[in-house]
Asker: 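This is the structure I want to talk about, given as structure tokens.
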There are 2 protein chains.
Amino acid sequence: MSQTVDRALSILPLLAEGPADLGQVADRLGVHKSTALRLLRTLHEHGMVYRQSDQRYRLGARLIALAQEAMENLDIREIAHPHLVRLNEQCGHTVHLAVYEEDEVLYIDKVESRYPVRMYSRIGKPVAITVAAVAKLLLADLPEHERRALADKLDYPLYTARSTPNAPAFLRELEKVREQGWATDLGGHEESINCVAAPIRGADGRVVAAMSVSAPNVVVTADELLSLLPLVRRTADDISGEYSGRTSAKGTV
Amino acid sequence: MSQTVDRALSILPLLAEGPADLGQVADRLGVHKSTALRLLRTLHEHGMVYRQSDQRYRLGARLIALAQEAMENLDIREIAHPHLVRLNEQCGHTVHLAVYEEDEVLYIDKVESRYPVRMYSRIGKPVAITVAAVAKLLLADLPEHERRALADKLDYPLYTARSTPNAPAFLRELEKVREQGWATDLGGHEESINCVAAPIRGADGRVVAAMSVSAPNVVVTADELLSLLPLVRRTADDISGEYSGRTSAKGTV
DNA sequence: AATGGACGTTGCATGACATGCAACGACCGA
DNA sequence: TCGGTCGTTGCATGTCATGCAACGTCCATT
């Protein structure tokens, strides 16, 4: 691996925390100022970082544009979207689509109940991996050794009293999710929010994505939300079928 | 500028067009396969590219996550600025915009008072975290354990007789601010200066920034300044709406 | 089965180039 | 006016990125 590139890329998450000046970047990288300057200049030429008026650096617009393109290239997203919209029309709640990649789970699509306009605001954000229903489904499908290794590596923040507290509890939960083929998050992330989720599978049966319906319990109780499970699972299965080529888009009404 | 980093970054827009294998990347870059391999490996370690099951590379999840953070950092100031200017035109006083970042509260924008008497502050400078109205709003929104931990860590300098004296008093004040949804600083930082502040919230309801109007009491009394509260809150809500995508900026269709 | 080709991967010798140093200029606060 | 901080630049050094060639593997073809 390349030391120079490694250093340059290390600057990006550093700047994601907030703007930083040259000296701060150099310190955090453990290199000379002039070295940091050259790296930042190169990043700047590619638009990955932006230099604001006070001369401090922050992440650049090009990064955002690239990420947009990256998401549009995910074909699961394209296939799933109309199904998510239809589900949203039927139940009225927020619908999420998420994928797993290298120790992270990301929301890649969202249909917000109250607003017809597609919102990108939260898309791309890593989800609370230890409690989110979609995360459980995606991790439950990993080979056992990977699952175990990942569970040990994770932090288990106690968002609420119902958050998954530690690795053993998480592994037990994943086992349960694996067997039943669906998952919930009942107030594990935010006290008043419940989710119910179902997996989307590829032709080989492996889970390629997961979708969920979320609603605050001031709108519907957990039981009422759970009654949507058959509908959620059917939607997920429809997407699975289309993604793996078993059915066409037109076939599902 | 660094040749190695330059080449590595050139891979990203290339992959944005769609997945590519090692040979294609090497060709497009005009380098040897082994060179391209090393660059891709480094990118991979940082999560910027992802290797899908057919061994082809595509843009990775970390890129999307980074972009998400970048947007959240970039947007608020740009969106807020015209609103701040308009508010300043209406009331004539100094207007501040601040965000919370790693145990600090920073001013990220400021519109100067039209009155000759101006208060000292600088964009990018940490605010007096224990007394500033914007700081109270931003800290009041933190999860309780973080709030408590931070309150214990802070110093409580007695700028004036009305400065917050210690952690318990600060936590009580934060609780009050949290409930009422706005905050003031009446001579807590400088004897003669009063502020009134309101929170700006993202789509998920969390406080992403705070804005305030400040004026010395030789210009307006505290009561007169407080009468501006509805206007300040309305401005903050307008910014919140635009930031979270519920409304669009004026002039854009 | 056998063979050829395409592709990813790995040590290695070479020199291109990234690095740290020191010096300079600009800016800010005292 | 002066000292201090910060960004910037030219340069000598040697680190480290590079291309080469060889190897392993997987398919498709014969």
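A note on names: the letters A, B, ... follow the listed sequences, proteins ahead of strands, and every chain is numbered from 1. Side-chain atoms are counted along with the backbone in the values below, which use heavy atoms only and exclude waters and symmetry mates. Quick caveat, the model's predicted, so the values are computed rather than measured.
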Asker: Pairing donors with acceptors under 3.5 angstrom, does anything connect the side chains of A:His96 and A:Asp109?
Answerer: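 Distance-only check fails for A:His96 and A:Asp109.
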Asker: Find the distance A:Gln3:CD to C:dC17:C1' and express it as a whole number of Å.
Answerer: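 My rounded result for the distance is 13 Å.
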Asker: Describe, as an angle rounded to 10 degrees, how the axis at the first end of the helix from C:dA1-D:dT30 to C:dA30-D:dT1 is tilted relative to the axis at the last end, five pairs per end.
Answerer: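 The end axes of the helix from C:dA1-D:dT30 to C:dA30-D:dT1 are about 40° apart, to the nearest 10°.
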Asker: Tell me whether A:Glu45 is salt-bridged to A:Arg41, with the criterion being a basic N under 4.0 Å from an acidic carboxylate O.
Answerer: no
Asker: Categorize B:Ser34 for me: base, sugar-phosphate, or nothing, with a 4.0 angstrom heavy-atom threshold over every strand shown.
Answerer: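 Base, at least one base atom sits under 4.0 Å.
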Asker: I'd like to check the side-chain contact (heavy atoms from CB on, under 4.5 Å) partners of B:Val208; sequence neighbours left out, ordered by chain and number.
Answerer: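 With neighbours one apart ignored, the set is B:Ile76, B:Ile200, B:Tyr243.
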Asker: Taking it one step at a time, do A:His46 and B:Val5 satisfy side chain to side chain contact (heavy atoms under 4.5 Å, CB included)?
Answerer: CA-CA 10 Å; A:His46 286 259; B:Val5 177; over 6 Å; no
Asker: Specify the separation, in whole Å, of atom CG of A:Leu39 and atom P of C:dA18.
Answerer: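 Interatomic distance, CG of A:Leu39 to P of C:dA18: 9 Å.
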Asker: Under the side-chain contact (heavy atoms from CB on, under 4.5 Å) test, which residues partner A:Ala167, sequence neighbours left out?
Answerer: A:Ala151, A:Asp152, A:Tyr156
Asker: Only pairs at least two apart or in different chains count here, so list each salt bridge (Lys or Arg N to Asp or Glu O under 4.0 Å) that has a residue in residues 22-34 of chain B.
Answerer: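 As it turns out, the salt bridge (Lys or Arg N to Asp or Glu O under 4.0 Å) pairs with a partner in residues 22-34 of chain B, which skip direct neighbours, are B:Glu17-B:Arg28.
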Asker: So which heavy atom on B:Leu229 is nearest to which on B:Val196, and how close?
Answerer: CD1-CG2, 3.6 Å
Asker: Looking only at non-hydrogen atoms, find the nearest pair between B:Met211 and B:Val134 and report the distance.
Answerer: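 Taking B:Met211 first and B:Val134 second, the nearest heavy atoms are C-CG1, 3.8 Å.
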Asker: Of the non-hydrogen atoms in B:Val220 and B:Ala215, which two are nearest, and what is the gap between them?
Answerer: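 It is CG2-CB, 3.7 Å.
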Asker: Grab the two heavy atoms, one from B:Ser214 and one from B:Ser212, that are nearest each other, plus how far apart they are.
Answerer: OG-OG, 4.0 Å
Asker: Name the nucleic acid region contacted by B:Arg7, choosing base, sugar-phosphate or nothing; use a 4.0 angstrom heavy-atom cut-off, strictly under.
Answerer: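 Touches sugar-phosphate only.
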Asker: Going 5' to 3' along DNA chain D, between which two nucleotides do contacts with chain A fall, using a heavy-atom cut-off of 4.0 Å?
Answerer: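 Nucleotide range in contact with chain A: D:dG7 to D:dA17.
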Asker: Using atom NE2 of B:His44 as one end and atom C1' of C:dG8 as the other, report the distance to the nearest whole Å.
Answerer: 14 Å
Asker: Here's a test of your reading of the structure: between A:Arg41 and A:Ser2, which maps to the more 5' nucleotide of DNA chain D?
Answerer: A:Arg41
Asker: Taking for each residue the nucleotide of DNA chain D bearing the nearest heavy atom, is the 5' side occupied by B:Arg38 or by A:His32?
Answerer: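 In this pair, the answer is A:His32.
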Asker: Under the side chain to side chain donor-acceptor pair (under 3.5 Å) rule, what do B:Tyr50 and B:Arg58 come out as? Steps first, then yes or no, please.
Answerer: CA-CA 5 Å; B:Tyr50 175 68; B:Arg58 64 169 173 75; 5.2 Å; no
Asker: Which residues within residues 19-30 of chain B lie with some heavy atom under 4.0 Å of an atom in DNA chain D?
Answerer: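 Within residues 19-30 of chain B, no residue comes under 4.0 Å of DNA chain D.
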